[in-house]
There are 2 protein chains.
Amino acid sequence: MPTTDHHASMADVARLAGVSVATVSRALHGSPLVSAETTARVLAAAEELSFAISRVASGLASGRLGRIGVLVGGPLQSWFNGTVIDAVYSRLTPADVELTIFRIADRAERDRFFTRLPARRNVDALIVASFALTAAERTRLQTLGVPLVYLNQQVVGVPSVAIDDVAGARDGVSALLGLGHRRIGFVRSVGRRPGFRYSADRRVEGFRSAMTEAGVPESDQLVVDARDLDAGDEVLATVLADPDPPTALAVDSDELAIGILAALVRAGLRAPDDLSLLGFDDHAMAERLGLSTVAQPAERTATEAASLALALAAGEVPDHPTVLVPTRVVLRRTTGAPPRGPR
Amino acid sequence: MPTTDHHASMADVARLAGVSVATVSRALHGSPLVSAETTARVLAAAEELSFAISRVASGLASGRLGRIGVLVGGPLQSWFNGTVIDAVYSRLTPADVELTIFRIADRAERDRFFTRLPARRNVDALIVASFALTAAERTRLQTLGVPLVYLNQQVVGVPSVAIDDVAGARDGVSALLGLGHRRIGFVRSVGRRPGFRYSADRRVEGFRSAMTEAGVPESDQLVVDARDLDAGDEVLATVLADPDPPTALAVDSDELAIGILAALVRAGLRAPDDLSLLGFDDHAMAERLGLSTVAQPAERTATEAASLALALAAGEVPDHPTVLVPTRVVLRRTTGAPPRGPR
DNA sequence: CTGTTAGCGCCTTCAA
DNA sequence: TTGAAGGCGCTAACAG
């Protein structure tokens, strides 16, 4: 008869197997100290009782929670966050480590996280994914008491894995230049919320770098701000109203680029015939829609981050605490040579 | 000086506040048994030490884990799963309950979940989201020992919140009929993996119901199977090759519908001029692309499920254990009257 | 190789 | 209104 509730506990397993709970614990964790036959007996008993270990009890006793946190900015269903969470999950599960999400989608959640510190004493490591932190916040994270891994942002002295946003944007814009475009616009999604712009600024930097290198004076480097991810129509209108409209647009996210693509179709125009369009990310929809883009291997980045977190949680000292993952320009059907207008 | 590690524990707070740990515990939980001034003193001390409660310790002692699980089928970044997880998170966080994800994306994960039962003794309640379960699996879940809430699937005797897939599809197809279409095809995304088709079958049922009601004989009810979400081109090809091609397509998911839309554009055709297109879900991209669809309020469904789970976790008996959420047909720019061809 | 013995940090009676 | 004490289920020395 089980002890407290109707779940079998280790004591029950121990009784059934005719050993002590310590032995059960060892056997369940595959300790080599336990003889093969005892282990088998314990496993059979556990199976018999549908025993599942109590993670809280084991966490309390061992000091290892068996849980890693991911701190994300914005909604969980965004392409980036979803991809990251999925990839981290994939990496943690085989290691029998659970995933806890901490979301910071608005000011309130931000305050809550940094004042209450729900990650404290609650995860073995924390992956901080891709959103701007103030210096004060970074300091506070440091004092959290858990190992940190930064994802898509580099911080000196802290393990991190990131893509090179500058290089990614530069390569993308270079590809457009290579197609013959000279007048290229860069569209930046600027949320009004401070601290939520991930790498947007660095991508603009990459754009400017490529353009300058190509001999386009800074004053001719057109940067358009998009209010949010649904501002496709506005962006297109702005761009078309330009006295010298661009023949290509590099956009800092696929989600926004797709909105612009839709606006284009709606306006009776076509990509790349009327305007070349290049996104950034390689969202699942990008391939489906034939959108050219600068692909960032988010799953790979996230997987690396998870591996790092796992190592840190285990008390190991990683030999490559900071990883840089390359992006890749993928030209599909929305980019081509510039139209040969009168210009 | 803190006891074991460098995190403050309740004992430290108690010492600083000059009270017992029992009082600290009560004060932190807002017990009315503690005097206002004592509470204030404790809170101040906790703040001073950046104290955060150890959830494992409190979970072990109280028997309440403060954690609710969500079991999802397929990748976390899919529209549905992402939306559900986000909404559940939103509902749980204010209640200070954490979220643990259990993903079943393939056969291996399925086996793992049902044999190891990682949710056992590890969450206070489990939300089972939208994927087909075998009878054996359902039984096994029942014996899990935690309250269950089914999301988008109805099970007698188990609390659930779901949309009416049959009615949703029927309404959508009726809307197409209302536009004048008679020859309508239904596209069903059939993964080859058994048990992973959520509501696909029920949506076909809704389609048939609407068509039959409109007097279209069953033999004229065209149902096309899509290999996966990226099979837009194939589906379009199949449909166009039909001796009597449909003038409208009802698709059982927006993600697939978008792929078909892209295939259409690629083929030099247009919606709705050449073919009307109706999705299902109301994916974020649907609005962006102007896709007509049967909107299912996934956040609302998920929020309701989370509320139910919270109540069950607290030991309450919900008075409305089963909730049915209505869908809504949203006609945007991909649907219109059928082309008046010679036929 | 296995058992015994202390806790891990908190919650919860029971007393006061 | 507060404190003392026991125990939640497991792990980790320490014996044997």
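Numbered from 1 within each chain, the chains take letters A, B, ... in sequence-line order.
You'll find that the side chain of Val34(B) is closest to dT2(D), out of dT2(D), dT11(D), dG9(C). The listed nucleotides are dG9(C), dC11(C), dG9(D); the one nearest the side chain of Ser54(A) is dG9(D). For Ser58(A), the listed nucleotide lying nearest its side chain is dT11(D); candidates were dT2(C), dT11(D), dG9(C).
With 3.5 Å as the limit, one finds no donor-acceptor pair spanning the side chains of Thr83(A) and Asp86(A). Defined by atom type and a distance below 3.5 Å, a donor-acceptor pair is missing between the side-chain atoms of Ser54(A) and Arg121(B). Glu98(B) and Asn122(A) are linked by a side-chain donor-acceptor pair at a separation below 3.5 angstrom, with hydrogens and angles left out of the test.
One finds no side-chain N or O of Ser62(A) lying less than 4.0 angstrom from the OP1 or OP2 phosphate oxygen of dC8(C). Dashed line: the shortest gap from a side-chain N or O of Arg121(B) to OP1 or OP2 of dC10(D) is under 4.0 Å. Close to dT12(C), at under 4.0 Å from its OP1 or OP2, lies no side-chain N or O of Ser25(B). The phosphate of dG3(C) has OP1 or OP2 within less than 4.0 Å of a side-chain N or O from Thr23(A).
Going from atom CZ of Arg15(B) over to atom P of dT2(D) covers 19 Å, rounded to whole Å. When the C1' atom of dC11(C) is taken as reference, atom CG of Leu60(B) falls 10 Å away, rounded to whole Å. Regarding Met10(A), its CE atom lies at a distance of 10 Å from the P atom of dA12(D), rounded to whole Å. Rounded to an integer number of Å, the gap from Asn122(B) CG to dC8(D) C1' is 16 Å. Rounded to whole Å, the distance from CG on Leu65(B) to C1' on dC10(C) is 14 Å. The nearest whole Å value for the distance from the CG atom in Asp12(B) to the P atom in dC10(C) is 9 Å. In this structure, the CZ atom of Arg120(A) is 15 Å from the C1' atom of dG9(C), given to the nearest Å. Counting to the nearest Å, the P atom of dC8(C) and the CZ atom of Arg64(A) are 19 Å from each other.
With rounding to the nearest 0.5 angstrom, the OG atom of Ser35(A) is 11.5 Å from the CZ atom of Arg26(A). Taken from CZ in Arg120(A) to CZ in Phe51(B), the straight-line distance is 10.0 Å, to the nearest 0.5 Å.
Taking the nucleotide of DNA chain C with the nearest heavy atom to each of Leu33(A) and Ala22(A), the more 5' of the two is matched to Leu33(A). With DNA chain D read from its 5' end, the first of the two nearest nucleotides for Phe51(A) and Ser20(B) is the one closest to Ser20(B).
Counting non-hydrogen atoms of other residues, nucleotides and ligands closer than 6.0 Å to CD of Glu47(A) gives a total of 12 or fewer.
Across all strands shown, Val24(B) has no heavy atoms under 4.0 Å from either base or sugar-phosphate atoms. Within 4.0 Å (heavy atoms only), Val56(B) reaches no atom of the nucleic acid at all.
Checked by distance alone, Arg55(B) brings no side-chain donor or acceptor within 3.5 Å of a matching partner on the base of dG9(C). At a cut-off of 3.5 angstrom, the base of dT13(C) holds at least one donor-acceptor pair with the side chain of Arg26(B).
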